[in-house]
Amino acid sequence: MSRKITVLIYLLLLSCSHALAQPICPLDSSIKLKSAVSLDKFAALAVLNDGRIKPVDTYARTLLLQLSGKTSFGRQSAVEWLARLLFAPATTFEDKVFLINNPEIATALGVEPESRRRYSFSQLEPGVAKLEELARMAEKIESKERSVVEQEVLRVYQNAFLYDLHTRVFHFALPSAEFQITDQEIIKALDLPETQKIFSFYDLASRADRLQEQTKSLELGKPDSWPARDKELVLLMNNLLRWSMLYKDLPFSVIPGRDASTRGWLSPMDAISREFSDPHAREEIGYARGMVVHYWNGEQMPFDLAVRSLSNSVLNRVDAATQKNIRKIPLELFYNKANFFLWAKLFYALAFAVFLLSFFRTWPFLRQSALLLIAAGLIPHVGALVLRIVIMGRPPVSNLYETFIFVSMIGVIAGVIIELVNKRWVGNVVASVCGLVFLLIAGKFAAEGDTLQMLAAVLNSNFWLGTHVLTITIGYAGCCVAGLIGHLYILQRIRDPKDKAALESTYRNMIGALGFGLMMTFLGTTLGGIWADQSWGRFWGWDPKENGALLIVLWCAIIFHAKVGRLIGPLGVAVASVLGVIVVMWAWFGVNLLNIGLHSYGFTSGIATGLLAYVIGEVVFLGLCVPLARKRD
Amino acid sequence: MGSLRKNLQRNPAIKFCASLKITLTCLILLFILTFWGTIDQVYNGLYLAQQRFFNSFVFIFAGFIPFPGAQLVLWVFFINLVCVAIVRLVYKWSRIGLIVTHFGLLLFFVAAFVTLHGVEESHLTLMEGEAANVSSAYHDWEIAVWKESGSEKDVTAYDVEGLRPGRRLEFQEGLTLAVDHCYSNSEAYSGAEGAGTVLGASGIQTLKQAAPNKEPEKDLPGCILAVEGAGPVILYGAEDKPLKVSMDGRDHFLQLRRKNFPLPFLLRLKDFTVEWYPNTEVARSYKSLVEIIPPGGAGASREVLISMNKPLRYKNFTLYQSSYSVDNLGRESSTLAVVKNAGRLLPYFASFITFGGLALHFLLMAIRAKLKH
């Protein structure tokens with residue numbers, strides 16, 4: 001990934017001073033954008049991005065998230081905003097979509113810092129040269145050595161470049177002053193509408209053969225002596241050539257290349273440059289152009305027709321595997337729209353609220369209602385996971401985001417089981433807290449872009465993803481549940497140390513969860529060893545991630561042996577379980593901060609602070625509560 | 001059996017060795033070493049951290065404070081576990097889970113010992129169309145000597161590791177080398193320092209010791225040797241061509257090279273392919289199509305496709321897709337990791353036995369708790 005970014009930035013720096021200096025959208029002032037069209041069909045169009053086929057809806061959300069940190073623009077959905085960016089770029093110049101976290105950077109670019117930290121392209125444009133200069137400087141620094149500000153500069157620069165690229169995607173379909181024809185003879189010869197004077201790149205490129213025919217009669221000589229018609233023809237040819245050089249390697253790949261399996265898909269403009277001789281591609285480019293025209297004219301049905309014709313034509317000429325992926329698009333649209341995790345979080349939060357209410361009211365069925373709410377939250381939670389499995393065709397855990405969702409689900413299920421067996425609120429608390437907290441953390445990771453990612457070659461094994469990764473994350477969940485019950489046990493000792501039955505029950509739950517955690521972490525670790533032996537040739541290599549898993553196993557073993565040797569009592573086990581969560585956090589994502597080893601993925605700058613805050617929080621909790629619990633005894 | 005166990009239980013040495021406090025101390029020390037050894041990798045790289053924390057018996061930190069290395073801790077732990085198995089474990093059906101778990105762990109120790117001492121790791125890089133029947137080590141070197149005799153050469157080699165100044169190396173036909181200096185990582189210079197006129201095959205005149213690299217694969221050793229009857233020579237790890245030494249009218253060839261391991265077959269790389277996710281630079285898979293040709297025409301040759309997660313297994317040898325490169329002319333070469341490990345399956349057994357024990361114990365405990373309450 002980092003190599004990809006380096007290459008991208010290098011390319012940016014090579015081309016950008018020239019590129020950004022160009023007028024962004026040479027829109028002709030005579031055409032006016034009509035009222036908006038519904039974009040439901042457009043949202044379902046297949047686009048190849050980050051190595052997989054996804055609907056435009058996901059593409060739009062990911063792009064907007066990358067630029068602005070949000071998946072919608074005000075009241076507009078991501079896809080509505082993307083449509084404006086692609087089809088009528090000038091209308092987005094004032095949209096405040098560029099997130100700049102650091103006000104220093106805004107000041108450096110000559111922009112008054114905004115309280116919402118989001119800026120429009122019009123605001124940034126005067127400072128582009130400065131941004132480029134800063135980005136050049138930041139680029140020279142090793143990626144590991146870059147400061148937060150330097151990283152932010154590069155991010156903003158990349159985003160500005162990405163935005164700029166998107167504004168160019170459909171230029172080919174818009175009339176441009178560079179393709180103005182005053183000579184009626186040329187218009188007639190090219191079979192263009194005689195009432196019009198300004199044409200688009202597409203209008204002329206699709207008549208390139210006729211244009212060439214016209215230029216055959218040109219006579220060489222001094223340009224000054226050329227007749228006006230010849231001058232115009234040469235200018236048109238020149239501009240066609242210049243555009244095809246200038247507008248290339250654009251994003252929004254919706255047209256499959258001829259050898260789609262190796263060469264990937266192309267944006268419509270790239271397809272004109274490279275695939276115009278292919279009748280299918282030509283037809284599809286025509287549909288893409290139709291989308292722009294009908295969008296501008298506010299013609300709903302022809303717009304939908306163009307989108308559908310494009311989808312259909314693409315579907316008919318791609319291979320079976322791609323067809324299968326395209327057919328999954330409605331599922332992904334449903335997944336995007338349903339917002340499963342929001343519902344799950346809501347129900348878990350309500351369940352926790354009911355628990356809090358139980359301190360003040362002794363209404364019957366409170367505990368059962370909390371359990372029901374948790375079950376209601378579990379439905380969208382599990383549903384979303386199942387959908388992700390179906391969409392990607394692989395087990396549900398392959399990046400940090402997914403581990404949080406999965407661990408959260410296991411925690412909730414464990415809590416429900418504990419509650420069904422023990423009926424003492426402990427399970428309800430575990431389930432609602434695990435569900436809510438881990439889903440909230442997962443939300444932070446979702447802000448990094450598309451969470452449905454393709455897998456690196458070594459991970460591309462459903463068998464091992466389904467065994468090692470699932471078991472180790474179940475192990476994490478077990479230890480986290482034990483730690484959570486540890487908190488509850490300590491609090492119970494403070495609140496009501498005389499209720500021996502309740503304490504004994506909580507203690508047994510904690511030991512059970514810890515034993516389960518140890519068992520699954522051990523299995524996950526050794527399955528990881530076996531996978532490593534299968535793919536790298538060694539069972540154990542002291543890699544940071546392996547060590548992290550070993551630390552959890554060792555920690556659990558220390559607790560159990562200390563307990564057997566009566567070196568620690570129930571309170572000690574509770575404290576150790578609470579500390580065990582820190583060991584789990586370290587193994588789970590702490591080692592990723594070291595940025596070394598074979599498992600260095602999912603590096604997020606916010607993690608370090610979060611982890612530190614958590615450790616401090618736990619130390620304070622134990623420092624305050626343990627002496628108090630002892631005193632109450 | 002019972003009385004023997006009782007006698008052993010009364011033995012104070014065994015009783016001491018089986019102490020739970022030793023178990024806990026070992027667990028805590030391993031915890032510290034594992035954490036410390038992870039952090040140290042950030043600064044010193046995996047190999048050096050592994051040598052210092054995990055492969056050592058004792059290491060020194062902060063200049064003078066000794067700390068037990070993982071190897072020592074594991075030996076103590078192993079003895080502790082054996083004694084526990086002899087005198088402390090309660091052999092009852094109700095404890096079957098714990099018994100199985102601890103015996104599984106004992107098997108882990110055996111597996112670790114076998115792996116530490118019995119594994120040969122090497123690699124093999126082939127261009128498409130090329131074949132080889134030897135693989136070379138990652139960071140072990142040898143001094144190889146041969147004499148010219150047609151297309152076949154009879155090579156004798158000494159390991160560089162452990163060569164001390166003054167050591168004499170005897171090769172065939174009376175060729176004897178005396179070690180003057182051997183550096184595990186060195187820098188070569190063409191200008192002579194002092195009065196030596198020592199020459200390496202590529203005109204090297206001076207060797208200087210260098211600090212070891214974070215990745216030991218990058219270390220380039222160098223040796224200054226005295227050939228008896230022909231004078232001093234320099235061998236340097238970066239030299240491709242051997243050094244020719246003429247003695248008694250015969251030419252001998254000397255080379256410092258990565259240690260070679262013979263393979264029980266000839267391996268030809270027929271084709272290498274990388275598949276990418278479309279429109280990205282992310283590889284979906286790497287595959288090497290190889291042909292295995294048994295020696296001397298014993299048995300028919302066969303083709304095997306080696307890819308990520310799908311290695312080739314042949315007797316004790318396992319070959320993995322490790323990396324690849326493309327040269328300036330666009331020719332692809334594939335690097336395969338070669339591992340010879342007789343005890344490869346031991347950790348597998350140990351894993352499943354230990355997990356089985358844990359699962360059994362967990363289940364029994366759950367059932368017991370259910371019955372009790």
Side-chain angles (χ1 to χ4, degrees), chain A residues 1 3-4 7 48-52 253 260-265 421 454-458 460-461 464 505 508 512 515-516 518-519 522-523 526-527 529-531 533-544 547-548 550-551 554-555 557-558 561-562 564-565 567 586 591 594-597, chain B residues 20-21 23-24 27-28 30-31 34-35 37-39 41-42 45-46 49-50 53-54 111-112 115 119 121 274-286 307-311 318-322 337-339 341 344 347-348 350-352 354-355 358-359 361-362 365-366 369-370 373:
Chain A
M1 185 67 196
R3 188 174 144 235
K4 200 175 139 194
V7 171
L48 183 76
N49 177 241
D50 287 338
R52 77 175 182 99
S253 311
S261 60
T262 51
R263 288 176 54 194
W265 290 23
V421 174
M454 304 315 288
L455 299 173
V458 69
N460 205 351
S461 154
W464 291 112
S505 154
R508 269 188 292 113
F516 179 72
L518 169 63
M519 181 176 82
F522 180 84
L523 180 64
T526 52
L527 282 174
I530 294 174
W531 187 4
D533 184 57
Q534 298 281 332
S535 63
W536 298 320
R538 90 287 184 289
F539 182 85
W540 195 260
W542 302 106
D543 175 75
N547 292 354
L550 178 63
L551 286 177
L554 288 171
W555 186 253
I558 290 171
H561 284 89
V564 168
L567 294 168
W586 170 255
V591 287
L594 301 177
N595 226 351
I596 47 165
Chain B
L20 187 71
K21 292 206 170 98
T23 313
L24 264 172
L27 282 170
I28 292 169
L30 275 180
F31 188 91
T34 309
F35 184 72
T38 310
I39 300 291
Q41 290 181 27
V42 179
L46 173 66
Q50 195 174 332
F53 292 91
F54 305 122
T115 310
V119 170
E121 288 181 341
V274 195
E275 276 178 32
W276 306 92
Y277 287 113
N279 285 28
T280 65
E281 285 176 35
V282 182
R284 191 207 308 260
S285 71
Y286 310 100
S307 62
M308 298 302 281
N309 298 319
K310 289 201 184 77
T318 315
L319 280 82
Y320 304 84
Q321 183 65 54
S322 170
V338 182
V339 178
N341 183 359
R344 191 178 73 81
Y348 287 48
S351 298
F352 290 122
T354 313
F355 171 72
L358 281 173
H361 184 68
F362 184 75
M365 282 303 183
K370 186 78 202 156
H373 299 275

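Protein chains get the first letters and strands the later ones, always in sequence-line order, with residue 1 at the start of each.
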Query - A:W586 and B:F35 aromatic centres sub-6.0 Å - result: yes

Options [options], ranked by heavy-atom pairs under 4.5 Å with chain B, top entry:
{"options": "A:L523, A:N49, A:L550", "value": "A:L523"}
{"options": "A:W540, A:W464, A:F522", "value": "A:F522"}
{"options": "A:T526, A:V421, A:L551, A:L518", "value": "A:L551"}

For residues [X] and [Y], report the shortest heavy-atom separation together with the two atoms involved.
{"X": "B:F362", "Y": "A:F516", "result": "CE1-N, 3.4 Å"}
{"X": "A:G537", "Y": "B:E121", "result": "O-OE2, 4.3 Å"}
{"X": "B:L24", "Y": "A:I558", "result": "CD2-O, 3.7 Å"}

Find out whether [X] and [Y] are in side-chain contact, i.e. whether some heavy atom of one side chain is under 4.5 Å from a heavy atom of the other.
{"X": "A:L48", "Y": "B:Y277", "result": "no"}
{"X": "A:D543", "Y": "B:L46", "result": "no"}
{"X": "B:Q41", "Y": "A:N547", "result": "yes"}

**Report entry** Choice from B:V339, B:T23, B:L27 maximising heavy atom contacts with chain A below 4.5 Å
**Finding:** B:L27

Query raised in the report: Atom CD of A:Q534 and atom CZ of B:R344: how far apart are they, to the nearest 0.5 Å?
Result: 6.0 Å

Side chain from CB out, backbone as N, CA, C, O: work out which of these in [X] comes under 4.5 Å of a heavy atom of chain A, or both, or neither.
{"X": "B:T354", "value": "both"}
{"X": "B:I28", "value": "both"}
{"X": "B:F53", "value": "neither"}
{"X": "B:E275", "value": "neither"}

Report task. Give me the ring orientation class for B:Y348 and A:F539: parallel if the planes are under 30° apart, tilted from 30 to 60°, perpendicular past 60°. Result -> tilted

